[in-house]
There are 4 protein chains.
Amino acid sequence: MGKREETEKQILNAAVQIISEKGYNATKTSEIAILADISEAIIFKYYKTKKGLLTAIVNKAIEVLGRELAYKPIQRILTSSADKSLDEVFDMIIEDRIQLILKNHALLKVMLTEVQYHTDLRDLVLDQVVNPIFKDFRVFMKVQRDLGLIDPELDDEIILRMIASGLFSSVLKRVIMNQPFDEVEIKREMLQVKRILMKGIMLNS
Amino acid sequence: MGKREETEKQILNAAVQIISEKGYNATKTSEIAILADISEAIIFKYYKTKKGLLTAIVNKAIEVLGRELAYKPIQRILTSSADKSLDEVFDMIIEDRIQLILKNHALLKVMLTEVQYHTDLRDLVLDQVVNPIFKDFRVFMKVQRDLGLIDPELDDEIILRMIASGLFSSVLKRVIMNQPFDEVEIKREMLQVKRILMKGIMLNS
Amino acid sequence: MGKREETEKQILNAAVQIISEKGYNATKTSEIAILADISEAIIFKYYKTKKGLLTAIVNKAIEVLGRELAYKPIQRILTSSADKSLDEVFDMIIEDRIQLILKNHALLKVMLTEVQYHTDLRDLVLDQVVNPIFKDFRVFMKVQRDLGLIDPELDDEIILRMIASGLFSSVLKRVIMNQPFDEVEIKREMLQVKRILMKGIMLNS
Amino acid sequence: MGKREETEKQILNAAVQIISEKGYNATKTSEIAILADISEAIIFKYYKTKKGLLTAIVNKAIEVLGRELAYKPIQRILTSSADKSLDEVFDMIIEDRIQLILKNHALLKVMLTEVQYHTDLRDLVLDQVVNPIFKDFRVFMKVQRDLGLIDPELDDEIILRMIASGLFSSVLKRVIMNQPFDEVEIKREMLQVKRILMKGIMLNS
DNA sequence: TATGAATGAGCGTTCATTCAT
DNA sequence: AATGAATGAACGCTCATTCAT
């Protein structure tokens with residue numbers, strides 16, 4: 001790895017850690033520099049402004065989400081063939097992706113929190129993350145609905161929102177309450193969430 | 001109403017509005033003063049510090065929640081008699097409380113957002129809001145479980161968290177996306193959420 | 001005088017003094033604050049930015065020039081009646097205005113120096129000072145030319161520029177060389193300049 | 001030309017161009033490096049400090065003035081023989097030297113402007129440029145005065161200053177106003193200036 | 001030699017807070 | 001009680017300068 005890339009990585013890691021704990025506005029660039037063990041000045045050499053640093057963080061979060069976490073692998077399931085069931089989608093997320101979510105929870109927290117206050121970042125995330133996932137999800141749901149598996153009274157948007165907020169609530173609670181991330185416990189909770197949602201969303205067989 | 005109370009109300013309203021939009025740290029006391037149409041100095045006469053103002057806001061949110069929104073009325077249902085069903089709890093929240101939630105959504109957003117970064121406020125909210133509700137909810141669920149109505153594989157905490165995050169997700173989405181609050185539409189969404197949760201949580205009859 | 005006006009005057013005086021000595025860019029707002037015996041912060045309360053302070057200085061220079069130094073009194077002579085001669089114009093400037101020029105030489109130096117590097121200020125000075133004087137001067141010269149007093153080979157612009165640069169050169173030299181301003185000596189030099197210009201500009205009688 | 005000399009020339013040209021436009025303090029070494037198409041670091045290899053670069057510029061200006069523009073050729077006229085008239089001095093400057101002045105006006109502007117704020121540079125210019133010219137000019141004037149050609153009421157210094165400021169005013173105006181340099185027009189103006197000064201300085205014949 | 005990377009010192013600016021009236 | 005005036009402390013950011021390769 002080049003020297004510059006190494007330094008940028010240090011900066012980004014330090015920034016994500018502190019911003020996720022204190023919020024963007026309460027985080028001073030001097031703190032980031034100290035934690036990253038570099039001089040404050042190169043932060044501005046590389047990212048121009050503090051806001052530029054935040055944008056880089058959100059872009060990295062988008063990239064990670066796209067590459068490693070949700071989008072591409074889930075997309076494969078969602079779009080591949082019709083015989084994938086909602087059950088498999090849940091399992092895929094819960095079994096395969098928890099570790100990645102946990103490893104990047106600070107990054108994701110920063111993205112989700114700051115998106116509230118920065119219109120440009122919100123549009124970026126909507127465009128790069130939310131809308132693509134939603135689009136594939138609709139295609140997938142069309143198949144499931146045609147198979148008669150889904151409660152027809154429910155909108156796609158509500159279903160997706162319930163899945164997302166349900167699965168995330170375990171992580172979110174620990175982030176807000178500043179509690180440790182016990183992978184076994186989180187998986188146990190997510191399986192209960194899955195149980196609720198499967199029964200709630202699918203038609204009674 | 002006394003002049004002081006009148007002024008305090010103006011300050012609090014202005015503060016809630018701006019902080020809910022920009023976050024606590026990004027909100028300047030000078031902005032609040034301008035919007036409240038008072039001099040910056042009396043903010044500090046009344047609340048000593050900016051943090052004191054935030055504490056007053058959170059206390060007001062707790063009070064509103066306790067008095068008008070969730071706690072006391074729901075408490076009545078939850079604790080009154082055993083023949084109240086989960087169905088009624090949902091309806092009560094959805095039918096009676098939406099307007100109050102909508103009217104106070106900025107206040108609630110400030111509380112929920114800032115609780116992340118201020119330990120003292122977090123403890124206050126846990127102590128005054130979350131734990132009391134949770135305590136009553138456990139009593140209520142004990143009854144429901146004894147009646148054989150609840151899926152025994154699900155923990156109380158998961159169920160409560162799903163209800164809360166599910167019902168709030170409609171409001172939250174609009175807050176984050178800066179969309180208008182259409183009461184009819186929100187009620188429609190909440191009824192779908194109720195449908196999912198009822199089926200998901202209760203035992204198949 | 002109000003308290004605010006008093007403070008603004010202190011700031012402006014200090015700023016003019018230091019900027020005239022070191023130039024705008026080399027002058028630190030902290031220095032100005034120390035010399036003015038006020039806190040750095042109110043400079044920005046009153047003038048928003050350092051550039052805003054410079055603009056205030058130039059505006060003050062324009063005002064002083066208009067009110068006290070050149071424009072209005074000279075305008076009176078230039079436009080009043082045709083029987084004012086070039087000789088009287090010179091005398092008026094030399095006799096009556098030297099003290100005012102000397103008293104405000106730092107202010108004028110700042111204006112003339114910084115106008116080079118700030119397009120907005122340049123346009124302001126052209127619009128408020130140079131063009132009005134030039135306009136009146138043309139009217140005056142028309143009369144003098146019609147009386148057959150002026151060398152017809154010379155353009156108005158060249159004549160005015162020679163008068164201005166000639167009369168100012170005594171002051172300018174002392175400013176650049178950081179020499180003391182001896183009023184008697186300056187008046188002596190100006191009278192020589194007048195002698196040169198009168199002979200040079202007017203037709204041989 | 002050696003590679004180093006080539007690089008130094010690029011740096012100096014870039015520096016003169018930018019400093020003449022924005023002033024020394026407002027000019028960043030990084031800008032100079034970009035315009036000169038070299039790395040910022042070698043500026044400091046060659047000139048040690050930014051001030052060292054400015055000193056090099058002023059020294060180059062002195063050298064150019066001495067070698068090519070004013071000093072040596074004028075010196076030749078001034079000191080060679082007594083039968084050179086003021087008229088010839090003017091013509092020499094106006095006819096032969098305008099192009100050189102125009103080609104180097106940025107260099108000269110930097111020298112004249114920065115001399116105000118740097119005592120060491122001021123002394124250098126006084127010692128190398130102003131005083132030598134003035135010394136020769138006095139000798140020349142002595143001859144002219146002995147021939148009864150010069151108005152005895154005028155001091156040498158005033159006369160020299162009027163010549164310098166008069167001839168330069170055409171260039172100066174265009175520099176300050178950021179106007180194009182039209183050689184024909186400038187020459188026309190200078191001839192008018194010469195006309196004024198000749199009549200003004202010499203005794204009526 | 002030449003340069004990309006890095007930095008210390010300092011600047012303009014902000015903002016919660018205090019004080020005199 | 002209420003405010004205009006003032007400020008200390010810090011923050012984001014800049015830039016001439018150095019260093020390692």
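To find a chain, count down the sequence lines: A is the first, B the second, and so on, and within it residues start at 1.
As rounded to whole Å, 11 Å separates atom P of E:dA2 from atom CD of D:E8. Summarising the geometry, the separation between CD on B:Q10 and C1' on F:dA2 is reported as 13 Å, rounded to the nearest angstrom. The nearest whole Å value for the distance from the CD atom in C:E5 to the P atom in F:dA6 is 10 Å. For the pair B:I11 CD1 and F:dA1 P, the interatomic distance rounds to 13 Å; values are reported in whole Å. For the pair A:I43 CD1 and F:dC11 P, the interatomic distance rounds to 13 Å; values are reported in whole Å. The CD-P distance, from A:E6 to F:dT21, rounds to 15 Å in whole Å.
Side-chain contact check for B:Y47 versus B:E8: some heavy-atom pair is nearer than 4.5 Å. Within the 4.5 Å cutoff, the side chain of C:V115 has no heavy atoms near those of the C:L124 side chain. No side-chain heavy atom of B:V110 sits under 4.5 Å from any side-chain heavy atom of B:K60. For the pair B:Q10/B:E6, a side-chain contact is recorded, criterion being any heavy-atom separation below 4.5 Å from C-beta on. Residues C:K51 and C:L121 have side chains in contact (heavy-atom distance under 4.5 Å, counting atoms from C-beta outward).
At least one side-chain nitrogen or oxygen of B:K3 sits closer than 4.0 Å to the OP1 or OP2 atom of F:dA2. Dashed line: the shortest gap from a side-chain N or O of A:Y46 to OP1 or OP2 of E:dA6 is under 4.0 Å.
Looking only at distances, a side-chain donor or acceptor of D:N59 sits under 3.5 Å from a matching main-chain atom of D:T55. Under the 3.5 Å distance criterion, the side-chain polar atoms of D:E31 are matched with a main-chain donor or acceptor of D:K28.
Secondary-structure annotation of DNA chain E gives the stems E:2-21 with F:2-21, with a stem taken as at least 3 successive Watson-Crick or G-U pairs whose two distances both fall under 3.5 Å.
Taking only side-chain atoms of D:F44, from C-beta outward, the nucleotide of F:dA16, E:dT1, E:dA16 with the closest atom is F:dA16.
Residues from residues 22-41 of chain D that place a heavy atom under 4.0 Å from any atom of DNA chain E, listed by number: D:S39, D:A41. Residues from residues 48-59 of chain B that place a heavy atom under 4.0 Å from any atom of DNA chain E, listed by number: B:T49, B:K50.
Within the nucleic acid shown, A:R4 comes within 4.0 Å of sugar-phosphate atoms alone, with no base atom in reach, counting heavy atoms only.
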